[in-house]
Amino acid sequence: MVVAGPGTGKTQVLTLRVANILRKTDISPNNILVLTFTEAASASLRKRLASFVGAAAYAVEITTFHGFGNEIIKRYPEYFPRIIGARQINEVEQIALIEEAIGILNLNILKPFGDAFLYVRSIVSAIGHLKREGVGVEDFELIVKESFEDFENISDLYHDKGVYKGRMKAKYSNLRRQIEKNRELALVYRYYQDELLKQRFYDYDDMIMETLRSFKESPDLLNLLQEEYQYILIDEHQDTNNAQNRLIELLANFHSSPNIFVVGDEKQAIFRFQGASLENFYYFKNLYPDAELIILKKNYRSQQTILDAADSLLPGREKLITETILSKKPISFYFFSTADMEIYFLAKDI
């Protein structure tokens, strides 16, 4: 695990590691898997790697998590009967399907009287979040069932004296409403997934969910990929969500101490809207407690004045030291009456 702050060379260290693996081992380029988060990052990594190793860079599997899932589905379609031959649902179709579910299902909280479709966007977002956390329909239904059972076993649900004697305590009323809302969400989630299957659709997050499902249900597919990818490298690991972490874990669990390398910065969680969190970054530390930890402290982007100012706002992180030779200038503050004035000043100053 490499903890690399801003400007310390995350991409460079990952690229050089791949080049070093190819130089020092007899491993084939197509036995190396590099996972990142954007197509732009994938292209940048490959271009940089090509400058070190030439044509071999184009045989290394450098892709996004979703791109990897999509590639596995295309290469081994027989393991993906649920979505093979289907097409990705678009946003309009997705919303129409959720509205259809709300119209058909017996809902109360998620179908308010004044505006039946008030929660459509929230439901779409919630289902996406569940999938990014690796929570399938059956998993969520079980969570809701257990929540109801735990709620029924609470010993002090009701007031036992005073003017409110016999009435449920307010905090538990709110909890029951939340559990009931989740029960209705589970109904919509089930309907949505059943209709995706029936209408030959899949959504963006299904590429990873279905890959995980096939890994669990088809050990021979998982073994095939474990043998194929001898080295696994993850860029910007702080941005991984639970489903992506589970994918990495399954690919790597053939060995107790696999050839896995992650690089990231626990202070930068850019893709939090996709379910990423710092807990997922620390997940790696817990999974592989013997993994070597390397902290990069030299910054190649900024002058020390900037780094010191940033450090003063982020206490507790490793202090970065500049390797950049720049004249030391103080940080200046300017205040503007409008955004346009700010833009005008910047252009004029430059």
Side-chain angles (χ1 to χ4, degrees), residues 64-67 69-70 72-74 77-149 151 173-217 241-244 246-247 271-276:
T64 64
F65 280 91
H66 285 89
N70 197 37
I72 298 303
I73 293 166
K74 286 196 296 184
E78 64 275 16
Y79 291 101
F80 298 90
R82 293 166 60 90
I83 63 173
I84 194 65
R87 71 172 178 84
Q88 187 173 338
I89 193 170
N90 62 43
E91 188 179 3
V92 173
E93 293 165 329
Q94 193 176 32
I95 289 172
L97 202 53
I98 297 298
E99 289 181 348
E100 181 183 302
I102 290 172
I104 291 173
L105 297 172
N106 181 25
L107 307 175
N108 292 310
I109 299 174
L110 295 182
K111 186 164 63 176
F113 178 74
D115 184 355
F117 298 136
L118 176 66
Y119 288 108
V120 168
R121 293 279 183 181
S122 298
I123 291 170
V124 171
S125 176
I127 290 174
H129 180 73
L130 287 169
K131 290 186 177 186
R132 288 188 290 272
E133 293 303 308
V135 180
V137 175
E138 296 83 3
D139 302 319
F140 190 54
E141 288 172 339
L142 181 60
I143 289 169
V144 172
K145 180 175 178 289
E146 291 175 349
S147 296
F148 267 113
E149 291 172 354
F151 181 81
S173 294
N174 291 334
L175 177 59
R176 183 176 64 179
R177 183 175 177 80
Q178 186 58 52
I179 294 172
E180 181 60 30
K181 185 184 283 188
N182 282 339
R183 185 193 69 80
E184 293 187 1
L185 177 60
L187 293 175
V188 178
Y189 192 6
R190 167 66 68 180
Y191 183 91
Y192 175 71
Q193 286 301 111
D194 288 347
E195 285 302 308
L196 285 182
L197 185 61
K198 189 185 302 180
Q199 297 183 34
R200 306 305 296 149
F201 282 134
Y202 65 91
D203 69 22
Y204 182 71
D205 294 305
D206 282 331
M207 283 186 277
I208 290 181
M209 286 293 288
E210 288 300 317
T211 304
L212 284 174
R213 180 194 293 272
S214 291
F215 282 1
K216 294 171 185 174
E217 295 177 355
N241 57 43
N242 280 343
Q244 292 163 341
R246 183 63 181 147
L247 190 71
F271 287 91
R272 187 170 297 278
F273 67 92
Q274 290 189 358

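Put simply, the side chain of I72 reaches to within 4.5 Å of the side chain of F80, judged on heavy atoms. Side-chain contact between K131 and Y189: present, with at least one pair of heavy atoms (C-beta onward) separated by less than 4.5 Å. Between E100 and Y191, some side-chain heavy-atom pair lies under the 4.5 Å cut-off. Looking at N182 and F140, their side chains come closer than 4.5 Å, going by heavy atoms from C-beta outward. L196 is listed as a side-chain neighbour of Q193, based on a closest heavy-atom distance under 4.5 Å. Side-chain contact between R183 and F148 is present, with at least one heavy-atom pair separated by less than 4.5 Å. Residues Y192 and I89 form a side-chain contact, since some pair of their non-hydrogen atoms from C-beta on lies under 4.5 Å apart.
Taking each heavy atom of N90 and V92 in turn, the nearest pair found is OD1-N, 3.1 Å. Of all heavy-atom pairs spanning S147 and I179, the tightest one is O-CD1, 3.7 Å. Between L212 and A243, the shortest heavy-atom contact is CD1-O, 3.7 Å. Pairing each heavy atom of V144 with each of A186, the nearest pair is CG2-CB, 4.4 Å.
Among the candidates I123, I102, L110, the single residue satisfying the side chain to side chain contact (heavy atoms under 4.5 Å, CB included) test with F117 is I102.
Counting heavy-atom neighbours within 6.0 Å of K145 NZ, excluding the residue itself, gives a total of 12 or less. The 12-atom threshold is not exceeded at CD of E91, counting heavy atoms of other residues, nucleotides or ligands nearer than 6.0 Å.
Rounded to the nearest 0.5 angstrom, Q244 CD and N242 CG are separated by 9.5 Å. Separation of atoms CG (L118) and NZ (K111) is listed at 13.5 Å; rounding is to 0.5 Å. Between N108 atom CG and F113 atom CZ the span is 12.5 Å, to the nearest 0.5 Å. Note that the CD atom of Q94 and the CZ atom of R121 stand 9.0 Å from one another [nearest 0.5 Å]. Note that CD of E141 and CD of E146 are 12.5 Å apart. Values are rounded to the nearest 0.5 Å. One distance of note links CD1 of I109 with CD of E184; it measures 5.0 Å at 0.5 Å rounding.
Side-chain atoms of D206 come within 3.5 Å of backbone N or O of D203 as a donor-acceptor pair. Between the side chain of R200 and the backbone N or O of I84 there is at least one donor-acceptor pair closer than 3.5 Å. Put simply, the side chain of R213 never gets that close to the backbone of I208: no donor and acceptor are under 3.5 Å apart.
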I'd like to know whether E93 forms a side-chain contact (heavy atoms from CB on, under 4.5 Å) with R87, so could you lay out the CA-CA distance, the side-chain angles of the two residues, the decisive distance to 0.1 Å, and finally the verdict. CA-CA 12 Å; E93 293 165 329; R87 71 172 178 84; 2.4 Å; yes
Could you please spell out the steps behind the side-chain contact (heavy atoms from CB on, under 4.5 Å) verdict for Y202 and Q88? CA-CA 5 Å; Y202 65 91; Q88 187 173 338; 3.9 Å; yes
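Every residue meeting the ring-ring contact (aromatic ring centres under 6.0 Å, His included) condition with F65, not counting sequence neighbours, appears here in chain and number order: F37.
A salt bridge is absent between R176 and E180; no separation between the charged side-chain nitrogens and carboxylate oxygens falls under 4.0 Å.
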